[in-house]
4 protein chains.
Amino acid sequence: MTTQLSPRRAPRQSRSQATVTAILDATAHILIEHGFAAASTNAVAERAGVSVGSLYQYFPNKDALVSAVRTRHGEQMMAVILRALTKAIDATLLDALTGLIEATVEAHRVDADLHRVLEQQLGDMDMDEHHGEYVRVMEDRIVVLLTRHRDEVTAPDLKLAAFMLLHAAHGLIHAVVLQRPKGISLKHATQEIGDMMTAYLTAPRRT
Amino acid sequence: MTTQLSPRRAPRQSRSQATVTAILDATAHILIEHGFAAASTNAVAERAGVSVGSLYQYFPNKDALVSAVRTRHGEQMMAVILRALTKAIDATLLDALTGLIEATVEAHRVDADLHRVLEQQLGDMDMDEHHGEYVRVMEDRIVVLLTRHRDEVTAPDLKLAAFMLLHAAHGLIHAVVLQRPKGISLKHATQEIGDMMTAYLTAPRRT
Amino acid sequence: MTTQLSPRRAPRQSRSQATVTAILDATAHILIEHGFAAASTNAVAERAGVSVGSLYQYFPNKDALVSAVRTRHGEQMMAVILRALTKAIDATLLDALTGLIEATVEAHRVDADLHRVLEQQLGDMDMDEHHGEYVRVMEDRIVVLLTRHRDEVTAPDLKLAAFMLLHAAHGLIHAVVLQRPKGISLKHATQEIGDMMTAYLTAPRRT
Amino acid sequence: MTTQLSPRRAPRQSRSQATVTAILDATAHILIEHGFAAASTNAVAERAGVSVGSLYQYFPNKDALVSAVRTRHGEQMMAVILRALTKAIDATLLDALTGLIEATVEAHRVDADLHRVLEQQLGDMDMDEHHGEYVRVMEDRIVVLLTRHRDEVTAPDLKLAAFMLLHAAHGLIHAVVLQRPKGISLKHATQEIGDMMTAYLTAPRRT
DNA sequence: TATGAATGAGCCTTCATTCAT
DNA sequence: GATGAATGAAGGCTCATTCAT
């Protein structure tokens with residue numbers, strides 16, 4: 001999780017770091033504004049204000065470039081979410097869940113459009129080596145969270161419960177953030193998701 | 001919901017209908033087996049056993065072709081789901097939900113690979129004109145379903161509840177069907193999703 | 001040795017044959033006039049009066065194109081030489097040798113410039129799969145020729161003698177044809193080569 | 001024939017001389033090991049342990065670089081051959097010829113691979129300004145040699161004889177060294193070439 | 001002088017689309 | 001209508017060469 005690629009406009013930043021960042025930003029921007037098909041290496045280079053040659057100095061090929069954008073985006077999202085997860089250590093189950101959901105919503109909002117584009121166009125390539133790991137990490141963390149509140153949770157299988165939580169919430173957050181349904185405020189939606197999760201976790205179970 | 005995409009002349013299925021179907025099938029097949037990048041119009045035409053020229057007789061351009069595949073796929077999924085919704089008219093709330101979920105799982109399973117590929121590569125194009133409509137139709141139907149069981153449902157806002165149901169279930173079904181997590185049977189997962197939905201709908205609400 | 005690619009302006013010649021020939025000719029021409037470096041696929045296509053696309057309809061890649069040019073050239077040369085070899089069946093040894101040399105000179109003259117360019121630039125690629133075979137065929141034929149005149153030939157090892165003949169003559173012919181030394185007529189040179197070969201073959205051997 | 005390609009300042013070998021040598025060596029090495037296509041200026045510079053910038057300090061462009069390699073190689077070969085020619089001053093004609101052939105074989109063997117690569121890729125460039133001169137020098141020397149043995153030589157035109165000798169032997173040596181034919185030892189081949197040359201020079205001439 | 005990041009023309013190749021047959 | 005050869009814009013990528021440090 002060594003995230004060095006993220007924003008950092010601090011004192012020293014090598015020339016090349018700046019160039020790499022510019023290229024990554026340009027790629028993301030074109031991806032968002034014009035889609036994958038328009039993200040030619042020439043277009044990216046031009047928008048980044050560098051030559052194609054320079055682009056290839058830092059990325060061996062186009063796939064690596066898109067991959068890097070995806071990695072950076074994934075790292076940013078994970079960072080936000082894990083921070084929330086850490087902060088929730090001593091909270092109520094509901095508060096913890098709410099915090100996690102809010103963080104995830106926030107993470108998706110950071111770069112909602114990029115997120116949308118990135119979720120597409122990956123099939124061909126390596127289908128994001130990191131994505132699977134992220135999911136696993138989050139499932140584990142949620143299991144830890146649920147374990148800490150074992151007495152309140154009626155669900156027998158915590159691993160299953162974590163899986164359910166994660167993917168139900170993800171589906172909802174996606175719908176809320178990316179489709180921006182009218183008539184439902186983000187705040188309200190977040191709360192409602194928390195309610196659903198809580199209901200699921202604490203509902204009386206059929207013996 | 002059985003749609004005819006093109007001129008229809010002969011009783012059962014005209015010559016051209018057959019050609020269109022062949023082209024659509026070929027496209028879907030290549031999409032599934034070799035991915036979007038391999039789905040060139042020439043490749044599609046060859047696999048369909050027609051000339052590129054013929055392909056362009058029925059589809060103005062490649063986008064229209066992929067669009068048609070997506071539309072057909074969407075229609076098939078909708079057909080399955082709506083049938084379940086209709087069948088569930090007189091069922092228990094839980095049975096109705098379970099039936100709906102099962103149907104959705106089934107719909108996704110029908111052509112899981114195509115579904116996956118299709119979820120990618122849309123950004124550029126029209127982002128599925130129909131998809132939004134489908135979602136709306138389903139939300140409406142779910143509202144109808146919930147209304148019929150108004151007394152059991154504690155959720156105050158049925159439109160919101162429908163939204164929640166739809167997207168939470170969708171996220172889960174996607175995860176279950178497309179990622180095929182080990183250790184969780186499809187049947188068990190379906191049931192668990194039903195439980196979550198029920199728990200959400202019938203949980204005691206804070207006043 | 002099925003040479004179908006050679007000049008033939010006879011009655012029926014399919015459209016594509018003409019196109020292939022045009023491309024091959026264009027390639028040869030550029031190779032001769034401007035060298036390997038200038039023989040870009042685009043340049044070749046333009047000179048051939050077709051589009052790059054068409055070029056790639058007939059040749060999978062640039063290497064295949066150059067390879068085809070080389071093959072065609074080789075076939076043409078072999079045809080000339082083998083014809084001479086066949087014609088020499090009943091001739092004197094000296095006449096046979098002279099005929100062979102004349103034919104080889106002629107073969108080299110056919111497209112001396114192309115020959116020169118082609119002798120270069122092959123290292124990278126397959127180094128002409130055919131070239132080795134050609135050499136072998138010629139050595140064999142020469143052995144046959146020498147055998148027919150066994151009594152006149154003092155050289156003990158005919159295979160070695162064939163090797164010597166072939167490569168000595170080749171070196172000389174190259175020098176004569178490609179460097180066009182002043183002061184030595186082609187005719188005279190050819191005769192002198194014949195003399196050298198005869199001298200070698202019939203010289204008294206140390207026991 | 002020891003040539004200094006560049007500014008010379010320090011007594012034995014200046015700093016830059018060493019750099020030039022390193023660059024030349026690197027070029028030759030890459031040419032031999034990976035072929036012309038791989039010999040990019042960047043690759044050469046890297047292997048030489050200098051920067052591209054430095055490379056361009058000593059060679060105005062890539063052609064000049066390859067040219068220099070060719071020149072150096074040619075000089076080395078010439079040195080070997082001329083030494084043999086000088087040593088043969090008082091020898092028998094046969095011994096002189098044999099010595100010359102052996103030297104030439106040796107010269108070709110010194111860097112057979114480089115020789116092979118260098119024989120390619122010249123068309124575009126200056127076609128070796130020196131090569132022609134070398135040939136001329138050698139022809140002259142051979143004429144001198146033959147003159148010294150005028151009584152043994154039946155060939156009337158010594159210039160022509162020298163031409164014949166040079167190019168026949170060259171063709172043979174190339175075949176022997178570069179193609180390494182199986183079944184013929186280098187020693188045996190050298191001897192046979194000597195025999196052919198002698199046979200040619202001393203054969204009875206038709207009046 | 002040495003360095004090596006930056007440049008960008010140009011190369012090979014693909015593929016959506018057209019149109020003469 | 002059907003065919004498929006032909007088209008050529010555009011894309012990914014390389015590499016000789018330059019120039020600010």
Side-chain angles (χ1 to χ4, degrees), chain A residues 14-16 18-20 23 36-46 48-66, chain B residues 7 14-16 19 37-46 48-66, chain C residues 14-16 18-20 23 37-46 48-66, chain D residues 7 15-16 19 37-46 48-66:
Chain A
S14 70
R15 192 85 187 63
S16 32
T19 302
V20 167
I23 293 171
F36 191 89
S40 72
T41 51
N42 284 292
V44 167
E46 184 171 20
V50 301
S51 64
V52 231
S54 289
L55 187 157
Y56 278 90
Q57 190 119 43
Y58 298 107
F59 301 94
N61 53 47
K62 195 189 172 182
D63 274 17
L65 175 61
V66 177
Chain B
S14 70
R15 198 97 190 57
S16 30
T19 302
S40 71
T41 50
N42 283 286
V44 167
E46 183 172 19
V50 300
S51 65
V52 232
S54 290
L55 188 157
Y56 274 86
Q57 192 96 44
Y58 296 107
F59 301 94
N61 54 44
K62 195 187 172 183
D63 275 16
L65 174 61
V66 176
Chain C
S14 70
R15 192 87 188 61
S16 31
T19 303
V20 167
I23 293 171
S40 72
T41 51
N42 283 290
V44 167
E46 183 170 20
V50 300
S51 64
V52 232
S54 290
L55 188 158
Y56 277 89
Q57 189 116 41
Y58 298 106
F59 301 94
N61 53 47
K62 194 190 171 182
D63 274 16
L65 175 61
V66 177
Chain D
R15 197 100 190 56
S16 29
T19 301
S40 70
T41 50
N42 283 286
V44 167
E46 184 171 20
V50 301
S51 64
V52 232
S54 291
L55 188 157
Y56 275 85
Q57 192 96 44
Y58 296 108
F59 301 95
N61 54 44
K62 195 187 173 184
D63 275 16
L65 174 60
V66 176

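None of these values were measured; they are calculated from a predicted model.
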Task: d(CD, B/E46; P, E/dC15) in whole Å - done: 13 Å

Open item on the list: If the cut-off is 4.0 Å, is D/Q57 near the phosphate of E/dT1, judged by side-chain N/O to OP1 or OP2?
Closed with: no

Task: side chain to side chain contact (heavy atoms under 4.5 Å, CB included) partner of C/L55, chosen from C/L65, C/N61, C/N42 - done: C/L65

Open item on the list: With a cut-off of less than 4.0 Å, is there a side-chain N or O of B/S16 near OP1 or OP2 of F/dG1?
Closed with: no

TODO: Take atom CD1 of C/I23 and atom P of F/dA5, then tell me their distance rounded to the nearest Å.
DONE: 13 Å

Task: C/S16 side chain to C/T19 side chain, donor-acceptor N/O pair below 3.5 angstrom - done: no

- [ ] Please state whether the phosphate of E/dG4, meaning OP1 or OP2, lies under 4.0 angstrom from any side-chain nitrogen or oxygen of D/S51.
- [x] no

Task: Within-4.5 Å side-chain heavy-atom neighbours: C/F59 and C/V20 - done: yes

TODO: Write down the atom of C/K62, the atom of C/Y56, and the distance for their closest heavy-atom approach.
DONE: N-OH, 4.4 Å

Task: Closest heavy-atom pair and its distance - D/A43, D/A38 - done: CB-O, 3.8 Å

Task: Value in whole Å for how far the C1' atom of E/dC19 lies from CG of B/L55 - done: 16 Å

Task: For DNA chain F, stems built from three or more consecutive Watson-Crick or G-U wobble pairs below 3.5 Å - done: E:2-21 with F:2-21

Open item on the list: If the cut-off is 4.0 Å, is A/Y58 near the phosphate of E/dA6, judged by side-chain N/O to OP1 or OP2?
Closed with: yes

Open item on the list: Can you give me the closest heavy-atom contact between A/S54 and A/I23, atom names plus distance?
Closed with: O-CD1, 4.5 Å

Open item on the list: On the nucleotide F/dT3, are OP1 or OP2 found under 4.0 Å from the side-chain N or O atoms that B/S54 carries?
Closed with: yes

Open item on the list: Measure CG/D/L65 against C1'/F/dC15 and give the value in whole Å, please.
Closed with: 14 Å

At a cut-off of 3.5 Å, list every protein nitrogen or oxygen paired with a nitrogen or oxygen from nucleotides 9-12 of chain F, distance to 0.1 Å.
unit_1: F/dG12; atom_1: OP1; unit_2: A/K62; atom_2: NZ; d: 2.8
unit_1: F/dG12; atom_1: OP2; unit_2: A/T41; atom_2: N; d: 2.8
unit_1: F/dG12; atom_1: OP2; unit_2: A/T41; atom_2: OG1; d: 3.2

